[in-house]
Amino acid sequence: MGGFAIGTTEFAAMSLVPYFAPALGIDEPTAGHVISAYALGVVVGAPIIAVLAAKVARRTLLIGLMAMFALGNALSALAPGYETMLLFRFLSGLPHGAYFGVAALVAADLAPPYRRAQAVSLVMAGLTIATVAGVPVANWLGQAIGWRSGFAIVAVLALATALLVTLFAPRDRAPEGASPLRELGALRRRQVWLTLAAGAIGFGGLFCVYTYVASTMLEVTGVSPALVPVILAVFGLGMTLGNLFAGWAADKALMRTAAGMFLFSALALALYPFAAHHIGLLALDIFAIGMGGGVGVVLQTRLMDVAGEAQTLAAALHHSAFNVANALGPWLGGLAIAHGYGWTSTGWVGSLLALGGVAILGAAAYDARHTLRKPAYC
C-alpha cells in the first residue's frame, strides 16, 4: 500500500503535467521542474532521515514516514501557485527514499537468503501496480474533476498505509549497535557509489520518456486524451512484469540481470522515436520500456550485498539515486524538446542514459574483480 501511494504520486504527477501546467500559469517544460522538485526531495531526504533515524525501530519509522508523506501530498493538492507547488512537492519527496529503503530491509529480513530479491520485488510491486491502476485513475480524475484530486487521493492512501503498518508490521527494535556513524560507513565503499551511479544514470532514460509521453501522444501520435490513461496502464503492466521477473532472475545471476535489463531498456528507448507515430507500435514499445524498470529491484539487492553494516543508509540511497534519475531524465528530455529536436527526441536521450548505466555496471564489475585479486599486503 505504501509503494502504491508513492508510485501513484511519483508517476501520476508526470502524467498530469499537461493539466496542472496551464492552471499554474507555466509551460510544460517548466512544469517538469515540479517533477524534479519531488525527486530532489527524495535525494535530500533519504540519506538524512536514514542517518538521523538510525536508532529508531523500523516499524515506528515506517509509520512516521507515511504520515509525513500524507501531509506533503495534501499540501500539494492545495498549492495556490507554481512556487508553493515546488515547495510542497519537495516536502512530499523527503520521506520517499527512507520509506522504501526500510520497507525493503524488513521484507528481506523476513525472507530466506535465496529469495531476498524476490521479497524486495514484492515490496516494489506496490509501486509498479500503481503504474497500472493508480496512475491511470489519477490521470482520469485529473481530466474529470481537476488535477488537484490526483494528489488528494495519494494523501488518503498514505494515511491508510500508516494505519496498516501500525496493525500488521512486525514489532521490532533498532538493530543492535545502530548509530548514525555506522550508517555513514556506507559512504566509504566504492561499490556502493558505483551501484548508486548506475541507477542514477541508467534509470534516467525511463523517466526521460515517461515524463513527456502524454504530451507526445497528444502532439505526435495525435490520439484522443482518453487514450493517455490506457497507454499509462500498459507501461505499468510492463513495469509490474519486469519487476517480478527481475526479482526472480536476480536471485540467480544478479549483475548479469542488471546489465541485461539496462541493455534491453536502451534498445526499447531507441525504438521510441519510430514507434511514437503509431498507437499500436507505441503501446508495444511503452510496455517494453516499462519492463526495463525492473532493474531497480536488482540494484536495491546489490546494495544490500555491498553495504556491510550500513544497510539502512545504502537502501535509502538507492531511492536517492532513483530520483536523481527522475530529475536528470526529465531535465535532459526537456532540454532536447526546448532546443527543437521534438517530443520523440526523449527516446534517443533516454537510450544514451541506459547505456551509461551499463558502462557503470561494467566499471563496478571490474573494480570488484580487481579488489578480490589484490594481494593482502597491498
Side-chain angles (χ1 to χ4, degrees), residues 42-43 46-47 50 97 100-101 104-105 108 113-114 116-118 120-121 124 183-208 242-243 245-269 291-329 332 350-376 378:
V42 182
V43 173
F100 262 130
L105 290 174
Y114 57 90
R116 288 185 314 142
Q118 292 178 70
V120 174
S121 75
M124 297 297 292
E183 290 298 331
L184 288 171
L187 303 181
R188 295 196 298 266
R189 294 173 176 261
R190 213 166 33 239
Q191 285 293 317
V192 168
W193 285 108
L194 287 169
T195 305
L196 292 172
I201 302 298
F203 234 118
L206 180 149
F207 289 113
C208 184
N243 174 69
F245 168 79
W248 172 82
D251 279 328
K252 293 172 171 55
L254 193 146
M255 289 295 279
R256 289 181 183 178
T257 300
M261 294 197 76
F262 271 140
L263 287 170
F264 177 81
S265 292
L267 176 61
L269 290 161
M291 282 198 70
V295 74
V297 171
V298 190
L299 298 178
Q300 179 83 79
T301 308
R302 170 68 176 169
L303 282 169
M304 294 180 186
D305 291 340
V306 300
E309 294 183 334
Q311 291 286 310
T312 304
L313 178 58
L317 282 173
H318 168 67
H319 297 279
S320 290
F322 187 87
N323 282 274
V324 168
N326 195 353
L328 181 66
L332 291 177
S351 184
L352 290 174
L353 288 170
L355 290 175
V358 176
I360 296 169
L361 284 179
Y366 174 83
D367 177 73
R369 286 195 301 269
H370 178 74
T371 301
L372 286 174
R373 292 173 181 171
K374 200 176 200 180
C378 288

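Sequence positions, counted from 1, serve as the residue numbers for this chain. Not measured: the values here are computed from a predicted model. Below, each value reflects all heavy atoms present in this structure, side chains not excepted, and no hydrogens, waters or symmetry copies.
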For residues M261 and M291, determine if any side-chain heavy atom of one lies less than 4.5 Å from a side-chain heavy atom of the other.
-> no
How far apart are the closest heavy atoms of G97 and V42, and which atoms are they?
-> N-CG1, 3.7 Å
When rounded to the nearest 0.5 angstrom, what distance separates CG in L206 from CG in L269?
-> 7.0 Å
Apply the test side-chain contact (heavy atoms from CB on, under 4.5 Å) to residues L352 and L332: give CA-CA distance (whole Å), side-chain angles for both, the deciding distance (0.1 Å), then the verdict.
-> CA-CA 11 Å; L352 290 174; L332 291 177; over 6 Å; no
How many angstroms lie between CG in D367 and CD in Q191, if you round to the nearest 0.5 Å?
-> 5.0 Å
Taking all non-hydrogen atoms of both residues, which atom of C208 and which atom of G350 are closest, and how far apart?
-> SG-N, 4.1 Å
Are any non-hydrogen side-chain atoms of L105 and M304 less than 4.5 angstrom apart?
-> yes
Going by the side-chain hydrogen bond (donor to acceptor under 3.5 Å, both in side chains) test, name the single residue among D305, T301, D251 that passes it with R116.
-> D305
Considering all heavy atoms of both residues, which atom of A368 and which atom of R302 are nearest to each other, and what is their separation?
-> CB-NH2, 4.5 Å
Give, for atom CZ of F100 and atom CE of M124, the distance between the pair rounded to the nearest 0.5 Å.
-> 5.0 Å
Over all atoms of both residues, closest heavy-atom pair of G247 and S121 = CA-CB, 4.0 Å
Do L299 and F262 have side-chain heavy atoms sitting under 4.5 Å apart?
-> yes
Considering all heavy atoms of both residues, which atom of W248 and which atom of K252 are nearest to each other, and what is their separation?
-> NE1-NZ, 3.1 Å
Please name the pair of heavy atoms, one in A246 and one in T257, separated by the smallest distance, quoted to 0.1 Å.
-> O-CG2, 4.3 Å
Side-chain touch V295/F203, heavy atoms, less than 4.5 angstrom = yes
Nearest-0.5 Å distance, CG of residue L355 to CD1 of residue I360 | 11.0 Å
Output the distance between atom CZ (R189) and atom CG (L303), rounded to the nearest 0.5 Å.
-> 11.5 Å
How long is the gap from OG1 on T195 to CZ on R190, to the nearest 0.5 Å?
-> 12.0 Å
